[in-house]
Amino acid sequence: MAKILVESTPDLSKARDRRMTFAYNYDEIVIPQSVLEYAKGRTYFIHTSGCQANYVDEENMSGMLEKAGLTKASEIEKADVIILNTCAVRENAEQKVFGQIGNLKAIKQADKTKLIAVCGCMVQQKHIIDFVLDKYKHVDLIFGTHNIQELPQMMAEVIEKNVRLVNVKSSSEEIKENLPNKRLSSYKAFVNIAYGCDKFCTYCIVPYTRGKERSRKMEDILKECLDLKNKGYKEITLLGQNVNSYGKDFKDGTTFAKLLGKVAELGIPRVRFLTSHPWDFSIELIDTIAKYDNICKYIHLPVQSGSTEVLKLMNRKYTAETYKELVDTIRKRIPGVALSTDIIVGFPNETYEQFLETVEMVKYVKYESAFTFIYSPRKGTPAAAIEDNVTPKEKSKRFQELVKELEKVIKPSSDAMIGKTYDVLVDGPSEKNPEFLSGYTEKNKLVHFKGDISLVGEIVKVKINESHLYSLIGELVNE
Ligand code: SAH
Ligand code: SF4
Ligand code: F3S
């Protein structure tokens, strides 16, 4: 059995600390000789769960692995280097990962030269690392969200020293630029603008797993976006756990609105952004979205709860009233804007009356789509320490009730699209019926229609004929 070499493990109190500084690093990635040798004729597979931040990490890891000479395997079972890139936001996400790690045991036993790694937000938690080391002895490498740029060096250590390596840091010392990048799509891209989160919503693990808020330099972001535009990309989504905070750390008047305007001016057909916190959504930002035709008139505005009391316990820093005022201002200044949201049901001790305030919020805002979650206690977060008097059964009941109310507001917004024609960015064959192509409208509605596969990556006109709850059926319109 290989020895365990622990280089660093994360510590919750250090992860909570916001005093550390960081530097920008533009150095080229160097691939050690032992990894170049190992990679010859070998393949890799990365399985990613969680949010877009993790998918960008996957693209960078793929970039580094391909630079080393590995090629992508068609299936996880066939790959020599297998990486599980994990999410810690809710317990059910973690349970799935444990199942996946378990499934890899037989694969490693059949070929001991394979390298199995677990990374991402889940292993930013010390108790998870201990559990994986103990229970899943076929895992060779555990690394965190703050040092994916060290992947080639960490692989070299595992290969050369024949150890099980753990290297998970509590915080980031740098923003790494110039990482090799193998993008998952050739026509739509996610571009990080900031890392980390300083909001500390009481239920959320992200500020601990992703660390302090750090903005990339505007010139680096614009360079990446221009490169994407020159490569023919049709859609860019600017990413941050809270994009509204972008540039505040520069203390020189930089705002997200200014960055967004500059990205729009590059002339990419569609510009999106994720996620905005309702608390610091500025008028400057609203007016920037309104001003540029290529900024999608679609805003994801997570409300979490419609109860001011619950919002206070969540540390969301807005009230139901100020959220509604923001929605009113957005709707007034951006006519026809579509709004979507995230909602948590069953925060500790949520009363039925407080839950009904969330239902009332749904009726007020009339979201075009929504992600709904049952509250999941995350070890180390303030909310997890609260004794909860709401039963899981009651939470499920409220969840079902909320979904029904959401359906009532979502369906009419889809029905209203029937007979009209929309621009759709084509993604590929529909998952359910390969005879159809699928894509999204500017306002993020999923549309299926018949068309030639050569249209993938193009923006086409589709007339809507039928509306279902979560998708629409249409036909191509030739101009
Ligand atoms: N930074 C983004 C997304 C964070 S995670 C934002 O603030 O909107 C995505 C969503 O997961 C959150 O909006 C929240 O609705 C949900 N979530 C986060 N922690 C959760 C928890 N402990 N239990 C249930 N849902 C949670
Ligand atoms: Fe989590 Fe809140 Fe930060 Fe979003 S803003 S990542 S919900 S702490
Ligand atoms: Fe999950 Fe980490 Fe994203 S916890 S939601 S993958 S930031």
Side-chain angles (χ1 to χ4, degrees), residues 10 15-16 18 47-58 84-94 96-97 118-125 128 144-146 148 168 172 190 192-213 237-246 273-281 299-306 310-311 313-318 323 339-348 350 358 367 370-386 388 390 392 395 398-399 402:
R16 193 182 294 138
R18 289 298 182 263
H47 184 279
T48 297
S49 43
C51 70
Q52 287 78 6
N54 262 13
Y55 285 89
V56 175
D57 286 347
E58 171 177 343
L84 299 182
N85 185 17
T86 63
C87 170
V89 85
R90 280 171 294 277
E91 193 182 347
N92 52 8
E94 296 191 337
K96 257 192 222 157
V97 171
V118 183
C119 69
C121 290
M122 221 173 126
V123 293
Q124 287 296 134
Q125 310 168 95
I128 300 279
T145 58
H146 298 306
I148 69 161
V168 183
S172 273
F190 293 108
N192 276 325
I193 63 166
Y195 302 94
C197 179
D198 288 351
K199 288 284 181 282
F200 288 99
C201 303
T202 53
Y203 50 81
C204 185
I205 194 78
V206 173
Y208 308 88
T209 63
R210 290 276 165 181
K212 176 181 151 115
E213 234 161 48
T237 305
L238 302 178
L239 278 189
Q241 293 300 339
N242 176 23
V243 291
N244 305 352
S245 292
Y246 174 76
F273 55 91
L274 262 181
T275 301
S276 301
H277 194 296
W279 175 59
D280 48 4
F281 205 109
I299 301 171
H300 186 59
L301 200 63
V303 69
Q304 312 300 0
S305 167
V310 174
L311 287 169
L313 293 172
M314 288 177 162
N315 191 29
R316 289 291 287 183
K317 298 187 175 79
Y318 52 88
Y323 183 91
L339 297 174
S340 68
T341 201
D342 291 348
I343 298 173
I344 297 176
V345 174
F347 187 80
E350 177 192 65
T358 301
Y367 296 105
F371 298 95
T372 44
F373 311 104
I374 292 182
Y375 167 74
S376 168
R378 304 286 66 211
K379 201 174 170 172
T381 61
I386 306 172
D388 188 0
V390 192
K395 293 189 189 200
R398 289 181 197 173
F399 183 83
L402 178 68

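Start at 1 and go down the list; that is how both ligands and their atoms are numbered.
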Query raised in the report: Counting heavy atoms only, which part of Met122 comes closer than 4.0 Å to ligand 3: side chain, backbone, both or neither?
Result: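 For Met122, no heavy atom sits under 4.0 Å from ligand 3.
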Query raised in the report: Which is it for Asn242 and ligand 2 at heavy atoms under 4.0 Å: side chain, backbone, both or neither?
Result: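 Looking at Asn242 and ligand 2, no heavy atom falls under 4.0 Å.
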Query raised in the report: Where does Pro302 meet ligand 2, judged by heavy-atom distances below 4.0 Å: at the side chain, the backbone, both, or neither?
Result: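 Neither; nothing of Pro302 gets under 4.0 Å from ligand 2.
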Requested in this report: Check the angle between the aromatic planes of Tyr318 and Tyr323 and answer parallel, tilted or perpendicular using the 30° and 60° thresholds.
Outcome: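 Correct class here is tilted.
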Query raised in the report: Should the ring pair Phe373 and Phe371 be called parallel, tilted or perpendicular, given that the plane angle runs from 0 to 90° and is split at 30 and 60?
Result: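 The arrangement is parallel - the two ring planes meet at less than 30°.
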Say you draw a straight line from [atom1] of [X] to [atom2] of [Y]; how long is it, rounded to the nearest 0.5 Å?
X: Ile344; Y: Ile374; atom1: CD1; atom2: CD1; result: 11.5 Å
X: Thr381; Y: Phe200; atom1: OG1; atom2: CZ; result: 11.5 Å
X: Asp57; Y: Asn192; atom1: CG; atom2: CG; result: 7.5 Å
X: Asn244; Y: Thr275; atom1: CG; atom2: OG1; result: 9.5 Å
X: Gln241; Y: Glu213; atom1: CD; atom2: CD; result: 9.5 Å
X: Asn242; Y: Cys197; atom1: CG; atom2: SG; result: 6.5 Å

With no hydrogens and no angle check, is any side-chain donor or acceptor of [X] less than 3.5 Å from a backbone partner on [Y]?
X: Thr145; Y: Thr209; answer: yes
X: Thr48; Y: Glu58; answer: no
X: Gln125; Y: Met122; answer: yes
X: Ser376; Y: Glu91; answer: yes
X: Glu350; Y: Val390; answer: no

**Report entry** Nearest heavy atoms of Val345 and Arg398, plus distance in Å
**Finding:**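 Residues Val345 and Arg398, closest heavy atoms: CG1-CB, 3.6 Å.
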Query - Over all atoms of both residues, closest heavy-atom pair of Pro302 and Pro278 - result: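 Heavy-atom minimum between the residues: O-CG, 3.2 Å.
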Enumerate, one pair per line, all nitrogen or oxygen atoms of ligand 1 lying under 3.5 Å from a protein nitrogen or oxygen, stating the separation to 0.1 Å; write 'none' if no such pair exists.
unit_1	atom_1	unit_2	atom_2	d
ligand 1	1 (N)	Gln241	O	2.8
ligand 1	1 (N)	Gln241	OE1	2.9
ligand 1	11 (O)	Arg90	NH1	3.0
ligand 1	13 (O)	Gln304	NE2	2.8
ligand 1	13 (O)	Asp342	OD2	2.6
ligand 1	15 (O)	Gln304	OE1	2.7
ligand 1	17 (N)	Arg90	NH1	3.4
ligand 1	22 (N)	Tyr203	O	3.0
ligand 1	22 (N)	Ser376	O	2.8
ligand 1	23 (N)	Ser376	N	2.9
ligand 1	25 (N)	Arg90	NH1	3.3

Report task. Compute the minimum heavy-atom distance from Ala53 to ligand 3 and say whether it is under 4.0 Å. Result ->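 The answer is no: ligand 3 sits nowhere under 4.0 Å from a heavy atom of Ala53.
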Considering the heavy atoms of [X], write down every atom of ligand 2 situated less than 4.0 Å from one of them.
X: Pro207; answer: 8 (S)
X: Lys199; answer: 3 (Fe), 5 (S)
X: Val206; answer: 6 (S)
X: Phe200; answer: 8 (S)

Please state which protein non-hydrogen atom is closest to [atom] and give its distance, to 0.1 Å?
atom: atom 3 (Fe) of ligand 2; result: Cys197 SG, 2.3 Å
atom: atom 6 (S) of ligand 3; result: Asn54 ND2, 3.4 Å
atom: atom 7 (S) of ligand 2; result: Tyr203 OH, 3.3 Å
atom: atom 1 (Fe) of ligand 3; result: Cys87 SG, 2.4 Å
atom: atom 4 (S) of ligand 3; result: Ala88 N, 3.3 Å
atom: atom 2 (Fe) of ligand 2; result: Cys201 SG, 2.3 Å

**Report entry** Contacting atoms of ligand 3, where contact means under 4.0 angstrom from a heavy atom of Gln241
**Finding:**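 Result: 7 (S).
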Report task. Could you list the atoms of ligand 3 found under 4.0 angstrom from a heavy atom of Cys121? Result ->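 Once the distances to Cys121 are compared, the set is 2 (Fe), 4 (S), 6 (S), 7 (S).
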Query raised in the report: Does Cys204 bring an N, O or S atom to under 2.8 Å of atom 1 (Fe) of ligand 2?
Result: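 Given the 2.8 Å cut-off, Cys204 counts as a ligand of atom 1 (Fe) of ligand 2.
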Query raised in the report: Has Cys51 got an N/O/S atom less than 2.8 Å from atom 1 (Fe) of ligand 3?
Result: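 Short answer: no, not a single N, O or S atom is under the cut-off.
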Requested in this report: Mark the output for Arg210 as yes if a heavy-atom distance to ligand 2 is under 4.0 Å, and as no if none is.
Outcome: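 Arg210 does not count as a contact of ligand 2 under the 4.0 Å cut-off.
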